[in-house]
Amino acid sequence: MKRVLLPMMLLLMVVIMSACGQEQTTGAGSEASPSSGGAEKKVIVLGTSADYAPYEFHKSINGKDTIVGFDIEIAKAIAADMGAELKIEDMDFDGLLMALSTDKVDFVISGLTPTEERKKNVDFTDIYYYAEQAVLVRADEGELMASLDDLSGKQVGVQKSSIQEGIAQDIQGAKLTSLAKIPELILELQTGRVDALILEKPVAQQYVKNQEGLVVANAKIEQAEDEGGSAIAVKKGNKELVDQINSTLGKLKTGGDIERFVVEANEILGE
């Protein structure tokens, strides 16, 4: 009888041990199974469009292509507070919110303005950064663009699905060129296929610094404070994640870390 029971007991132990070793996954990220003793870190997935320096951009560091920027540093702090590993998904700006809604990413940081239209589909955290808008033109046309009225009848380049696209659509007589990536728009401007670009001022200033023949025009773009800020998007109804991120943002703002991240991102650009 003992010879029969012993193999059966051994088989049962193998089945139990196998079940204990299985992983569980949740949403876009994954976390270790409670029965595995927490050996594996939870993964949280960031969606961004890394063509928007100094917010997020590609930089060769020690010979390796790396996504950096002050938005990325904020994302790292969020992941650290959650005890999670950060995974970055780089994609076109106009696909970010769809990726969020379909659980391909857990949160989106990409210089994103929390407009009322966007709030219908996703939830937003507190605003973490405010920036002015600017008009970027070729150097020989800087003085010709003194106001937004001077863009009437002009070909204006903007990033597709951005807040700047909405601004340009309100300029009477302006003709729009909407593209997915900022470097594509810069090329359009440099080659004369568009007359001006509308960008956030920190982004425009970086291109002036790093590309010859470009200037920020004198044209002013007035915006209400709540229309010019950047916030972090999460899937609609995920209040727990919004609260977690807001807690991290509160600490970063109180400690002056976001301002430091902005300075450091600009220093990396200049290297």
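In what follows, every heavy atom counts, from backbone to side chain, and hydrogens, waters and symmetry copies are set aside.
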Item to check | Short side-chain donor-acceptor distance under 3.5 Å, D90 and H58 | outcome: yes
Checklist entry - Is the closest side-chain heavy-atom distance between F57 and I67 below 4.5 Å? => result no
Checklist entry - Between Y52 and D71, is any side-chain donor less than 3.5 angstrom from a side-chain acceptor? => result no
Checklist entry - For A180, does its backbone N or O pair with a side-chain atom of D92 as donor and acceptor, under 3.5 Å? => result no
Checklist entry - Does the side chain of M82 reach to within under 4.5 Å of the side chain of Q244, using non-hydrogen atoms? => result yes
Checklist entry - How long is the span from the CD atom in Q190 to the CZ atom in R138, to the nearest 0.5 Å? => result 9.5 Å
Next on the checklist: With heavy-atom distances below 4.5 Å as the criterion, would you say the side chains of L189 and Y207 are in contact?
Outcome noted: no
Checklist entry - Is L176 reachable from L199 through a run of I, L, V, M, F, W or Y residues, each pair having side-chain heavy atoms under 4.5 Å apart? => result no
Next on the checklist: With a 4.5 Å cut-off on side-chain heavy-atom distances among I, L, V, M, F, W and Y, is there a chain of contacts connecting V215 to I186?
Outcome noted: no
Checklist entry - Does A174 offer a backbone N or O that forms a donor-acceptor pair with the side chain of S152 under 3.5 Å? => result no
Item to check | Straight-line distance of S230 OG to Y130 OH, nearest 0.5 Å | outcome: 10.0 Å
Item to check | Residue pair D103 / K235, side-chain heavy-atom distance below 4.5 Å | outcome: yes
Item to check | Within-4.5 Å side-chain heavy-atom neighbours: L97 and L112 | outcome: yes
Item to check | side-chain contact (heavy atoms from CB on, under 4.5 Å) evaluation trace for R193 with T177 | outcome: CA-CA 9 Å; R193 288 193 287 268; T177 295; over 6 Å; no
Item to check | Note, I167 side chain near I221 side chain (heavy atom, < 4.5 Å) | outcome: yes
Item to check | F70 and Y129 aromatic centres sub-6.0 Å | outcome: yes
Item to check | Any side-chain donor near an acceptor of the partner, Q164 and Q133, under 3.5 Å | outcome: yes
Checklist entry - Could you go step by step and tell me if I88 and I72 meet the side-chain contact (heavy atoms from CB on, under 4.5 Å) rule? => result CA-CA 9 Å; I88 302 174; I72 304 304; 4.1 Å; yes
Item to check | Gap separating the OG1 atom of T113 from the CZ atom of R118, nearest 0.5 angstrom | outcome: 6.0 Å
Checklist entry - Hey, does the side chain of N238 reach the backbone of L241 with a donor-acceptor pair shorter than 3.5 angstrom? => result yes
Checklist entry - Can you find a side-chain donor-acceptor pair between E165 and Q159 that sits under 3.5 Å? => result no
Item to check | From CA spacing to verdict: side-chain contact (heavy atoms from CB on, under 4.5 Å), V135, V216 | outcome: CA-CA 6 Å; V135 177; V216 174; over 6 Å; no
Checklist outcome for this item: S49 and S110 have their tightest heavy-atom pair at N-OG, 3.2 Å
Checklist entry - Does a sphere of radius 6.0 Å around NZ in K87 hold more than 12 heavy atoms from other residues, nucleotides or ligands, not counting ones at 6.0 Å or beyond? => result no
Next on the checklist: Which heavy atom of A217 sits nearest to which heavy atom of V137, and what is that distance?
Outcome noted: CB-CG2, 4.1 Å
Checklist entry - What distance separates K76 NZ from D81 CG, expressed to the nearest 0.5 Å? => result 14.5 Å
Checklist entry - With no hydrogens and no angle check, is any side-chain donor or acceptor of S247 less than 3.5 Å from a backbone partner on D243? => result no
Checklist entry - Salt-bridged, D65 to K59, with N to O below 4.0 Å? => result no
Checklist entry - Which heavy-atom pair separates S161 from D94 by the least distance, and what is that distance? => result OG-CB, 3.3 Å
Checklist entry - Is any side-chain N of the basic residue among K119 and D123 closer than 4.0 Å to the acidic one's carboxylate O? => result no
Checklist entry - Within the distance-only criterion (no hydrogens, no angle test), does the side chain of D150 pair as donor or acceptor with the backbone N or O of S147 below 3.5 angstrom? => result yes
Next on the checklist: Counting C-beta onward and ignoring hydrogens, is there a side-chain heavy-atom pair between V105 and L96 closer than 4.5 Å?
Outcome noted: no
Checklist entry - How far apart are the closest heavy atoms of A131 and Y55, and which atoms are they? => result CB-OH, 3.4 Å
Next on the checklist: Any heavy-atom pair between the side chains of V194 and E188 that's under 4.5 Å?
Outcome noted: yes
Next on the checklist: Take a 6.0 Å sphere around NZ of K253 and say whether it holds more than 12 heavy atoms from other residues, nucleotides or ligands.
Outcome noted: yes
Next on the checklist: Working to the nearest 0.5 angstrom, can you tell me the gap between Y128 OH and N246 CG?
Outcome noted: 12.5 Å
Checklist outcome for this item: In terms of heavy-atom contacts, L46 and L86 come closest through CB-CD1, 3.8 Å
Next on the checklist: Other residues, nucleotides and ligands only: do more than 12 of their heavy atoms fall within 6.0 Å of CD on E141?
Outcome noted: yes
Checklist entry - Do R260 and E264 sit within salt-bridge range, that is, some charged N less than 4.0 Å from a carboxylate O? => result yes
Item to check | Same cluster (ILVMFWY, side-chain, under 4.5 Å), V203 and M145 | outcome: no
Item to check | Rounded distance [0.5 Å steps], CG in L151 versus CD1 in I171 | outcome: 4.5 Å
Checklist entry - Hey, mind stepping through I245 and V234 against side-chain contact (heavy atoms from CB on, under 4.5 Å) and telling me if it holds? => result CA-CA 10 Å; I245 294 175; V234 302; 3.9 Å; yes
Checklist entry - Should L136 and I182 be regarded as members of a common hydrophobic cluster, given that ILVMFWY residues are connected when their side-chain heavy atoms come within less than 4.5 Å of each other, either directly or indirectly? => result yes
Item to check | Closest heavy-atom pair and its distance - E56, G111 | outcome: OE2-N, 3.8 Å
Checklist entry - In terms of hydrophobic clustering (I, L, V, M, F, W, Y; side-chain heavy atoms under 4.5 Å; direct or indirect links), are I44 and I232 co-clustered? => result yes
Checklist entry - Do other residues, nucleotides or ligands put more than 12 heavy atoms under 6.0 Å from the CD atom of E184? => result yes
